[in-house]
K.L.:
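I'd like to ask some things about the structure below.
Throughout, a chain's letter reflects where its sequence line sits, starting with A, and its residues are numbered from 1. On a predicted model such as this, the values are computed, not experimentally measured, just so you know. We use all heavy atoms of the structure for the numbers below, so side chains are in, but hydrogens, waters and symmetry mates are not.
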Amino acid sequence: MNALTPPVRVQPAWLAQAASAFLSRYDGLRARLPGDAVAREAGAELFRHHGLPGMRDEAWHYTSLRPIAETRFSEPLTPVADCAALMARLPSLDAPRLVFVDGRFRDDLSVVPPLTAVRVGAPTFGGLARPERDRMVALNTMLAEDGASIDVPAGTDGGLLVLASLGAGSPERPVAFHPRHAVRVGAGASLTLFDVSVGEGVYLHNPVFEITLEEGATLTHLRLQDESQAAFHVSTLYADVAAGGTYDSFALTLGGRLARMEVHARLGGESASAHLNAAQLLDGIQHADFTTVVTHDAPHCASRQTVKNVLAGRSRGVFQGKIEVARGAQKTDGYQMNQALLLSADAEIDCKPELEIFADDVKCSHGATVGELDAEQLFYLRSRGIGAVEARSILVRAFLAEALDLVSYARTREALEAAIATRWEGLEA
Amino acid sequence: MLEIKGLTAAIYGKAILHGIDLVVPTGEVHAIMGPNGSGKSTLSYVLSGRDGYEVTGGTATLDGRDLLSMEPEERAAAGLFLAFQYPVELPGVGNANFLRTALNALRRARGEAELDAVQFLKLARAEAKRLAMPDDMLKRNVNVGFSGGEKKRNEVLQMAILKPRLAILDETDSGLDIDALKIVADGVNAQRGPAFSALVITHYQRLLDHIVPDRVHVLAAGRIVKSGGPELAHELEADGYAGVVADAA
């Protein structure tokens, strides 16, 4: 390459066309979009410049957005009147809930929590997101219409709060929505956030979360991605954890034709910790990607990841896990384990662990295993009278149990187990 | 009643059983003894339907029903139980849940009502107590972290709860000390009665001092070469297999 020529990023035509469709949507809507117009325009400028991520981008090597790029999205019709069927798919947790339909807050379906301060009606653009690097976040910034801003005051217990996304598109009229959520848990405060996405038909749900945990704060974040099997889900989450704080998350992926959860957790103060546990149960042509970057930016921090994949049919699972340890982050304790159970010869797992360590006194480990259902175990169960279908189901749930058992709060764990059971029955049928 | 006629079987194309003829009438306990490699475990796996074992001829029926055409779970429903020589560990599966799932699957197959968790635990605790098993073995994952003796006791516990018509005990005595051996033997003897029969596969006569069989069969090179009363086990203990096998040849 000629040294005088600036690098030109050449994108495939289908990707560029999809990006320009989102841009013209922005041009048509911009005057009506609520919230910080300056931050939004900056996001739009970045998106105009960078476009959508392609497979030449290292972070997107295993996940192609082509099915999204080839879909022509319309604007969500407002309001979606009948949400009863979708509401019924939410786990029955007796707790306050913030419900968004096609990305817009629905007061009539929500129960606002008594103590936690909640603002809705406009996106909240915080300082954690990196739209200059993360292109789907630039897209979100450009088109975000709504979102929840959740603030737990210092020293209080915010209890359990449900944040639900209901998506409704049709194959003839797919919709795209880009909610922008912000969560702040004040010093010494705590919150359990059960974040659930369900839907029907074809749509793109592209949420961004910016989560700030102040000193000694704890956020337990349970995430259930149970989107329509024809939908697209791409979420990006940033968590910044101050000294003594804990971001304890478990993400369960069951839905979506093409899905990606990307998490950037920064441990910014001493003795902060992050648990980024996950499970994916996929079938058919589903593709789901769990991508994490944990940055240890202070001494004595711990990060833990147990990620389990159960892959049937022609499904494909991706796990990319990066642990970055900054120069001063001595006594870092990082652990990462990715395990996959392949239920068919056509299923595939791609696993990419990465350690980038600049401190010299750290403990970091990672591991990965891939296997099939154990024939001995199946025979043992069947020899006791348990039918083949039930025996498989027992072993799959046992495989997932190691990750699910990390969800300490019984009510939320049971909700996740119930979602797995329902999905599994669908698979076996 | 278990009836085996001319049973031949192979694994990976290699013939292991060369024509087994055996009848275990209901209510009787028979022992199968034999040197290593004689086909004892193959016989137990063929009867219970494990993959990889190819039946090349002959028949096996339990109470007149053709075992060999059934799936493993159907054989269990027909009343067959195999106590494994090497019980399998099931991480992530609780022992009590596993046992209740199995029992209810069998009860469904027999047209009986399923047991709820409370009814089941009452039954399981009583049986565990008879086998001197602590209650916490019901809470632990199936066979995970169990000692060799605990695993064998767990097999006998399963048998006691599932109440088979015919139990095959595949070297259940291996790895047991004398106290555990007695407990396991008592567990088996407790099942004996007019509706229960057992095939006790063992290398040593020791177990048969505690589970006294009605008949003893010697298996060698894939055939039953000698049958007799319980005294045959003592003969084998005194003279070894070599003499018996040579006599038969």
K.L.:
So which bits of residues 366-379 of chain A come within less than 4.5 Å of chain B, counting non-hydrogen atoms only?
P.N.:
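Counting heavy atoms that sit under 4.5 Å from chain B, the residues of residues 366-379 of chain A involved are Glu376(A), Gln377(A), Phe379(A).
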K.L.:
Within a radius of less than 6.0 Å around NZ of Lys163(B), do more than 12 heavy atoms belonging to other residues, nucleotides or ligands occur?
P.N.:
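Atom NZ in Lys163(B) is crowded, with more than 12 foreign heavy atoms closer than 6.0 Å.
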K.L.:
How long is the straight-line distance from CZ of Arg382(A) back to CD of Glu74(B), given to the nearest 0.5 Å?
P.N.:
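So the CD of Glu74(B) and the CZ of Arg382(A) are separated by 8.5 Å.
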K.L.:
Within the supplied structure, the quantity of interest is the number of heavy atoms (other residues, nucleotides, ligands) at a distance under 6.0 Å from Asp94(A) CG; does it exceed 12?
P.N.:
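No, CG of Asp94(A) has 12 or fewer neighbouring heavy atoms, counting only those of other groups under 6.0 Å.
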K.L.:
Output yes when Arg384(A) and Glu155(B) qualify as a salt bridge under the 4.0 Å nitrogen-oxygen rule, no when they do not.
P.N.:
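Counted as a salt bridge, because a side-chain N and a carboxylate O are separated by less than 4.0 Å.
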K.L.:
For Arg304(A), I'd like to know if atom CZ has over 12 heavy atoms of other residues, nucleotides or ligands within 6.0 Å.
P.N.:
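Correct, the count exceeds 12.
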K.L.:
Any residues in residues 394-408 of chain A near chain B, with a heavy-atom distance under 4.5 Å, and which are they?
P.N.:
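The list, in residue order, reads Ile394(A), Leu395(A), Ala398(A), Ala401(A).
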K.L.:
Let me know if Tyr86(B) has heavy atoms under 4.5 Å from chain A in its side chain, its backbone, both or neither.
P.N.:
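Looking at Tyr86(B), nothing touches chain A.
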K.L.:
At a 4.5 Å cut-off on heavy atoms, which part of Leu162(B) comes close to chain A: side chain, backbone, both, or neither?
P.N.:
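The side chain, not the backbone.
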K.L.:
When rounded to the nearest 0.5 angstrom, what distance separates CZ in Phe84(B) from OG in Ser383(A)?
P.N.:
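Reported to 0.5 Å precision, the distance equals 3.5 Å.
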K.L.:
Identify which part of Arg75(B) has an atom lying under 4.5 Å from any heavy atom of chain A, answering side chain, backbone, both or neither.
P.N.:
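Looking at Arg75(B), nothing touches chain A.
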K.L.:
State whether the number of non-hydrogen atoms from other residues, nucleotides or ligands found under 6.0 Å of Asp51(B) atom CG is greater than 12.
P.N.:
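No, CG of Asp51(B) has 12 or fewer neighbouring heavy atoms, counting only those of other groups under 6.0 Å.
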K.L.:
Nearest heavy-atom pair of Leu90(B) and Tyr380(A): which atoms, and what distance?
P.N.:
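Smallest heavy-atom distance, with atoms named: CD1-CD2, 4.1 Å.
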K.L.:
Could you state the interatomic distance from CG (Leu381(A)) to OG1 (Thr101(B)), rounded to the nearest 0.5 Å?
P.N.:
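These two atoms lie 9.0 Å from each other.
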K.L.:
Return yes when atom CZ of Arg130(B) has more than 12 non-hydrogen atoms of other residues, nucleotides or ligands closer than 6.0 Å, and no otherwise.
P.N.:
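No, CZ of Arg130(B) has 12 or fewer neighbouring heavy atoms, counting only those of other groups under 6.0 Å.
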